[in-house]
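Notes to accompany the following structure.
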Amino acid sequence: MQAIEQMLTSAVVEGFKVLYGASCTPGMIQLQKTRKEFEGDITLVVFPLLKLSGKAPDVTAGELGNYLQANLPGITGFNVVKGFLNLVVSGRYFLQQLNRAASEDYYGFCSAGENSAIIMLEYSSPNTNKPLHLGHIRNNLLGFSMSKILKASGKKVIKTNLVNDRGIHICKSMLAWQLFGRGETPQSSGKKGDHLVGEYYVKFDQEFKKQVSELVSTGLKQEEAEKKAPLMLAAQEMLRKWEAGDETVMTLWKEMNSWVYAGFEETYRRLGVDFDKIYYESETWLPGKKAVLDGLAGDLLVQRPDGSVWADLRAEGLDEKVLLRSDGTSVYITQDIGTAQVRYQEFKPDKMVYVVGNEQNYHFTVLSLILSKLEYPWAKSLHHLSYGMVELPEGKMKSREGTVVDADDLMDEMISTAREMSKELGKLEGLNELEKENIFRIIGLGALKYYMLKVDPVKNMLFNPRESIDFDGNTGPFIQYTFTRIRSVFRKAAEQGIEIPCEAPLHVQLNDKEKNILRLLHEFPAVVQDSGNMYNPSLIANYVYDLVKEYNQFYHEYSILKEDDPEKKALRLVLSRVVSGVVKNGMELLGIEMPERM
RNA sequence: GGUUCCGUAGCUCAGUUGGAUAGAGCAACAGCCUUCUAAGCUGUGGGUCGCGCGUUCGCAUCGCGCCGGAAUCACCA
């Protein structure tokens, strides 16, 4: 209700001067949607204004109501309940808005101008030792959706991915492959590259555990055994060789990583996410190290006698944090310092947003403080878009217990569920196999994406693989279904030679359902802005659901093509077209495709 | 133990800066397809918004204290 709210706010301020000779600030004016059980569209809460008017709530409300009705053409009536002034907005106003929406392809979207803020958005950030899983799916969908939403709010967005391609974890996979792999490659085995490398990571863990328990049985303590197991020593040795640039290790590293990237690329493509710029930690850890050494030289950091370098954050209520180990090697946060700096130099973003799980909340507060300590002027521009864990009924996912839900498997399952369900319902007759498969893909992925995105990002969410993801009710397929039904009406209309008008007639009488839908449509631009400002795609998901739910009731109660009154029919056709457009645009902001039929 | 986040119907979740009688879906039960796609619609049942105190005209929402859950506090990433 953006436009009309602004109009009302200034009118109320003006009215207060005229009626009471008092000036109220816009902040005191509370406008909200009128609840369904009352007559009206917008409600002004008058409680905060009583001190200024010096009159009882109902009297103040009544006087203001009279003033607004007399002075605003958009307000055609009002009623007062206690301290609530319910205003009736003219149908004409909403119809004008409808026609405006009908004339815009991307109603509610702003396009980025010359001076738009540049936002660098990092998401996904996988390790290269195992395939993507359920947690990554939430991350990827959230990140990709936010990029769409921010663009629609008029920002310039650079999507980026930071690949964690170096470290002990990848060495473990490499080592296991060397020892047990017998030259197996994605080509020779037909396995997807990331899965293949992931198998050797698991293999390493299995063999490592065997060695540990053997050592324990010879009398060693668990901790010591873990440190002395030959496999672990070999992995550490390999990491040292990697840092020294050993040719054999580097060759193997490059090859196995390339398998993983090919696998990731396929998963990303199926998920429908992409990136503008990919960074590799193997390329940013050195700049990070340099930044820390520069900070040390500038007395911003402290060095201990053993050579390790620290940031002292005790003044900020936190602890000290190590940035370089005593042997001079870098730690995790050092790389993030380097990455941030490299990014800033390359793109000069106004904001750097990190889509990273809430398990790293502490890490990001520390990172931001350290960057401030290093006196980077852009340190405050970091924003951690923290999201909750995806939990299984048994609790956390554990690779060792085989409870990890693999991203590729999950997508396969969703699509085959869509296929089975469609077969059961006996739909899609007359389409060829290729077309059908594409629709199953759209529905299956739509269910998955909507399921993940309708939940507020800050909250942990539960995923039950056995019950799978619903296709009924508040779901992606439900929204897609309503969309295809509108498309179907339009196909019928075309068959009958009915044209869909560009505009609805302004004087047509609206029924309750129609007005509800118009009200909802009017909110869409504000919802897009809000979800951008609050980094929360679930606002859009829940909005689209509300709209679709409302439209379904309308659809069920009134016919469109069989309506006799030509103006009513025109309204309903335009209304349906705008609803389908807004639904499609809203879902696109969630990265969800819409099928033409299902 | 310190810090941060979460706690709303049997289950999964909405509830924008405090506002009127707290909403959906799933599950259960009862209806609606010769009429624009029934992945839909209608109805019934289901609540001490974790608990308590405070702030005020008014709190699921803000503050404090408990209770319960999660994450984190490494020369791991």
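Chain letters run A, B, ... following the sequence lines, proteins first, then strands; residues in each count from 1.
- For A:Gln553, the side chain to side chain donor-acceptor pair (under 3.5 Å) partners two or more places apart in sequence, or in a different chain, are A:Lys513.
- Atom C1' of nucleotide B:rU16 and atom CG of A:Leu520 are separated by 15 Å, given to the nearest angstrom.
- Rounded to an integer number of Å, the gap from CG of A:Asn552 to P of B:rG40 is 8 Å.
- The stretch residues 474-490 of chain A participates, sequence neighbours left out, in these side-chain hydrogen bond (donor to acceptor under 3.5 Å, both in side chains) pairs: A:Tyr450-A:Asn474, A:Thr482-A:Asn552, A:Arg485-A:Asn552, A:Arg487-A:Glu596.
- At B:rU42, one or more side-chain N or O atoms of A:Gln553 fall inside 4.0 Å of OP1 or OP2 (strictly under the cut-off).
- The aromatic ring centres of A:His383 and A:Phe364 sit 6.0 Å or more apart.
- Atom-to-atom, CZ of A:Arg577 to C1' of B:rC36 comes out at 18 Å; the value is rounded to the nearest Å.
- Applying the side-chain hydrogen bond (donor to acceptor under 3.5 Å, both in side chains) test to every pair with at least one member in residues 316-328 of chain A, sequence neighbours left out, gives these pairs: A:Arg304-A:Glu320, A:Arg325-A:Thr329, A:Asp327-A:Thr329.
- Of the nucleotides present, B:rG50 is the one that pairs with B:rC66 by Watson-Crick or G-U wobble criteria, both distances under 3.5 Å.
- Between the P atoms of B:rA22 and B:rG45, the separation comes to 15 Å (whole Å).
- Using a cut-off of 4.0 Å between Lys/Arg side-chain N and Asp/Glu carboxylate O, A:Glu514 and A:Lys568 are scored as salt-bridged.
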Between protein and nucleic acid, restricted to nucleotides 20-24 of chain B and to nitrogen or oxygen atoms under 3.5 Å apart, what atom pairs and distances do you find?
from   : atom 1 : to       : atom 2 : distance (Å)
B:rA20 : OP2    : A:Arg35  : NH1    : 2.9
B:rA20 : N6     : A:Thr43  : OG1    : 2.9
B:rA20 : N6     : A:Asn86  : OD1    : 3.0
B:rA20 : N1     : A:Asn86  : OD1    : 3.3
B:rG23 : OP1    : A:Arg35  : NH2    : 2.9
B:rA24 : O2'    : A:Tyr545 : OH     : 2.7

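- Using a distance-only test at 3.5 Å, with no hydrogens or angles considered, a donor-acceptor pair links the side chain of A:His169 to the main chain of A:Arg166.
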If the sugar-phosphate is the primed atoms plus P, OP1 and OP2 and the base is the rest, what is the B/S/- string for nucleotides 70-77 of chain B, using protein heavy atoms under 4.0 Å? SSSS-BSB

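- Within the shown strands, nothing qualifies as a pairing partner of B:rU37 under the Watson-Crick or G-U definition with both distances less than 3.5 Å.
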Contact list (N/O, under 3.5 angstrom) for nucleotides 7-10 of chain B vs protein:
from  : atom 1 : to       : atom 2 : distance (Å)
B:rG7 : OP1    : A:Lys459 : NZ     : 3.2

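- The CD-P distance, from A:Glu557 to B:rC32, rounds to 18 Å in whole Å.
- Under the Watson-Crick or G-U wobble criterion, with both distances below 3.5 Å, B:rG23 is paired with B:rC13.
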